[in-house]
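FYI, side chains are in, hydrogens and waters are out, and symmetry mates aren't considered; it's all heavy atoms of this structure. Order of the sequence lines sets the chain letters (A, B, ...), proteins ahead of strands, with each chain counted from 1.
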Protein chains: 2
Amino acid sequence: MDLDDRKLKILQAIIKNYLETGEPVGSRTISKYTDLNLSSATIRNEMADLEELGYIVQPHTSAGRIPTDKGYRLYVDTMMQEKVDEVNNMRDDLLEKADRMENLLQQVAKMLAANTNYATMVTTPKYRSRKIKFIQLTDVDEYQVLAVIVLEGNIVKNRMFKSDIALVKEDVLKLNLALNTFLQGLDIEEINIGLVQKLKSQVGAYQELVSEILDAIATAIQEEGDIRVYTSGATNILKYPELSDMNKARDILSTLENKEELTQFVDNPDIQPDEKRGIQVYIGDETRVDSMKDCSVVTATYEIEEGIYGKVGIIGPKRMDYERVVGTLQNMMGQLDDIFKNKKP
Amino acid sequence: MDLDDRKLKILQAIIKNYLETGEPVGSRTISKYTDLNLSSATIRNEMADLEELGYIVQPHTSAGRIPTDKGYRLYVDTMMQEKVDEVNNMRDDLLEKADRMENLLQQVAKMLAANTNYATMVTTPKYRSRKIKFIQLTDVDEYQVLAVIVLEGNIVKNRMFKSDIALVKEDVLKLNLALNTFLQGLDIEEINIGLVQKLKSQVGAYQELVSEILDAIATAIQEEGDIRVYTSGATNILKYPELSDMNKARDILSTLENKEELTQFVDNPDIQPDEKRGIQVYIGDETRVDSMKDCSVVTATYEIEEGIYGKVGIIGPKRMDYERVVGTLQNMMGQLDDIFKNKKP
DNA sequence: TGTTAGCACTCTATAAAGTTGAGTGCTAAT
DNA sequence: ATTAGCACTCAACTTTATAGAGTGCTAACA
């Protein structure tokens, strides 16, 4: 027995219907609301076959059928016809409110959540190594100095330091110069003890301050390498009865609140032909997150420059409206591309 | 009929028991588990009185009693004996992980949530006006310039700008000087059109860049004035059956996710004698947040310097463990005080 | 006069039993 | 190969019964 055209059509009808209603779909429904013109009995026979093939199951003997993960997978891979979503003027809204990367990403999460009625996540882009572009020391007052650290890619960090000894303006300038000559263009791994010693030998009484600054630089680079995750619309999860079971809901919401587990969508082993903006669909267990075994996650990849990318994800029930979600995500990725391109005129 | 000592003791016993169990408390329970040595019948009589006085109610005829908001209020105001919570080594943990204000506050929210099993919120401190301490312009490359804006209180903001025309090093220096001479020490309201015109007349071809920078300064100051709210442990709400009703839970969680409504705890009209670190308890409707009518919120005030303060809040069911929460908060406020004091040696 | 034992009563929560209806699988006829 | 028809199943809902926690009231007691 194999999956002929009619079986495929019936399966599609079942899944479509289930996506809308969330209720098991019976043979009569399919018989009535498709143009196949088959009686419910025939549909029943076909359904029995589809069940044997593993695409659908009955929650219990006398109920209709619901799709299995395998069924959803087939649907997503071959039967879905993407809807292009009219997320009009999203870009304008985005630009208006967000002048900085972090805001932008948070805004993206928010808009997607509002648009889809699912929970959303956005990860910060993942950089490989980051080199130091330059450091600028400024004396704020007699005992305080501000260090602005600019990394490759124009990532700016600033830290305030307190010195135990009163600062002399010329010393600060000298320190600045010393730091830059030693550190400019270096990566974090390249800052070794020898270098630190050499640097310290040149700064006289300010050794302690320099230590602090070096630490700060290290953590700054480190933390820039960390992936952060923004989420939005977590409570949308509660709109879907099949996820509103108190325990499931708590687990999912915790996962969304804690965020750690979400980073695992970034490094995905299954690489995918790229014509679809890196859109990936994880169904149920495919998410590899235990609390999300009743969810699906759709992720898309945005790239801010060659090889530096992050993920945008939509988290909803398995019966989420995949077409719309994929459409919305593709649209959003387009908007983001525009923004990132426009940023370098 | 008035609230004599015995009634008070019984009320206290009822509330204590209800805080623990969350179940209506019957006369027999009180008769057995207090040292009053009264029969359940007597307790019943007293309970009837307490009900008439409005401190307790029956959810239905044949059930025990639960405290009303008025009952809780009396308890919190007069009967509670604060437990000092041993939040040991919290400070070390805090300092270790958080080198910056924002991180610190987020960390505070997280630790409190972990410690109390309730949801928590922390607001950023509320500044009055902020004056510009100095601005520092640095050319990053030929077309880009970095502006570091330092506000009074050592708040540092940085923005990157693109210039349409190639930047000349000396021009950037001049621009820097001009900006500082005009803007240093000024508040946002003091930057008027006349001043802007004068400034622009001195910067030759860079008028557009200056406009952008001024805009950025304005939004930087503005956004520093905005109160942000961090929350943590939102899902703890779901641990309490009386809040786990799907609709209540959704509403509460949304409120916590959206955060806007939470800022209203910052500006509190009821001022309070300060020996208790500004701890306030809002019971049910007192929160003035509709979705939280079944919750209580306990807030404490931290002050980073004279007049500049923010709030830390714990959100839980009405039957939250007020003693412990107040204790924990007082403790935490102590730790924060230490940290802020140590910051200026 | 305050306290208490005792009893009838109330009402929720839980369990048990009954009912309904959507949906199935199988068989026999087309 | 398709379909009408029928017996069967099972979750979901409704109804009825039962248990028990708790009350209010009364009358007796110290």
Could you tell me the separation between the [atom1] atom of [X] and the [atom2] atom of [Y], rounded to the nearest 0.5 Å?
X	Y	atom1	atom2	result
B:N117	B:M320	CG	CE	12.0 Å
B:Q12	B:Q81	CD	CD	7.0 Å
A:L3	A:L53	CG	CG	6.0 Å
B:M80	B:Y75	CE	OH	7.0 Å

For DNA chain C, which residues of residues 30-49 of chain A approach it to below 4.0 angstrom with any heavy atom? A:R44, A:M47

Counting C-beta onward and ignoring hydrogens, is there a side-chain heavy-atom pair between A:E323 and A:K16 closer than 4.5 Å? yes

Answer whether the closest heavy-atom distance between the side chains of A:L262 and A:T123 falls below 4.5 Å. no

Check: [Y] main-chain N/O paired with [X] side-chain donor or acceptor under 3.5 Å:
X	Y	value
B:T120	B:I314	no
A:S296	A:G316	no
B:R73	B:V281	yes
A:E257	B:A234	yes
A:Q330	A:A300	no
A:N258	A:E260	no
A:K259	A:M121	no

Please report how far the helix from C:dT1-D:dA30 to C:dT30-D:dA1 bends, comparing the axis fitted to its first five pairs with the axis fitted to its last five, to the nearest 10 degrees. 20°

In [range], what residues come within less than 4.0 Å of DNA chain D, judged by heavy atoms?
range	value
residues 6-25 of chain A	A:R6
residues 50-57 of chain B	none
residues 59-72 of chain A	A:H60, A:T61, A:S62

Output field: ring centroids A:Y118/A:Y240 closer than 6.0 Å: yes

Please report the closest heavy-atom contact between B:L112 and B:V312, naming both atoms and the distance. CD1-CG1, 3.2 Å

Nucleotides bounding contact with chain B, strand DNA chain C, heavy-atom threshold 4.0 Å: C:dT3 to C:dT12

Using the ring of each side chain (for Trp, its six-membered ring), is B:Y18 parallel, tilted or perpendicular to B:Y72, with breaks at 30° and 60°? tilted

Any luck finding a side-chain donor-acceptor pair between B:T328 and B:T116 under 3.5 Å? no

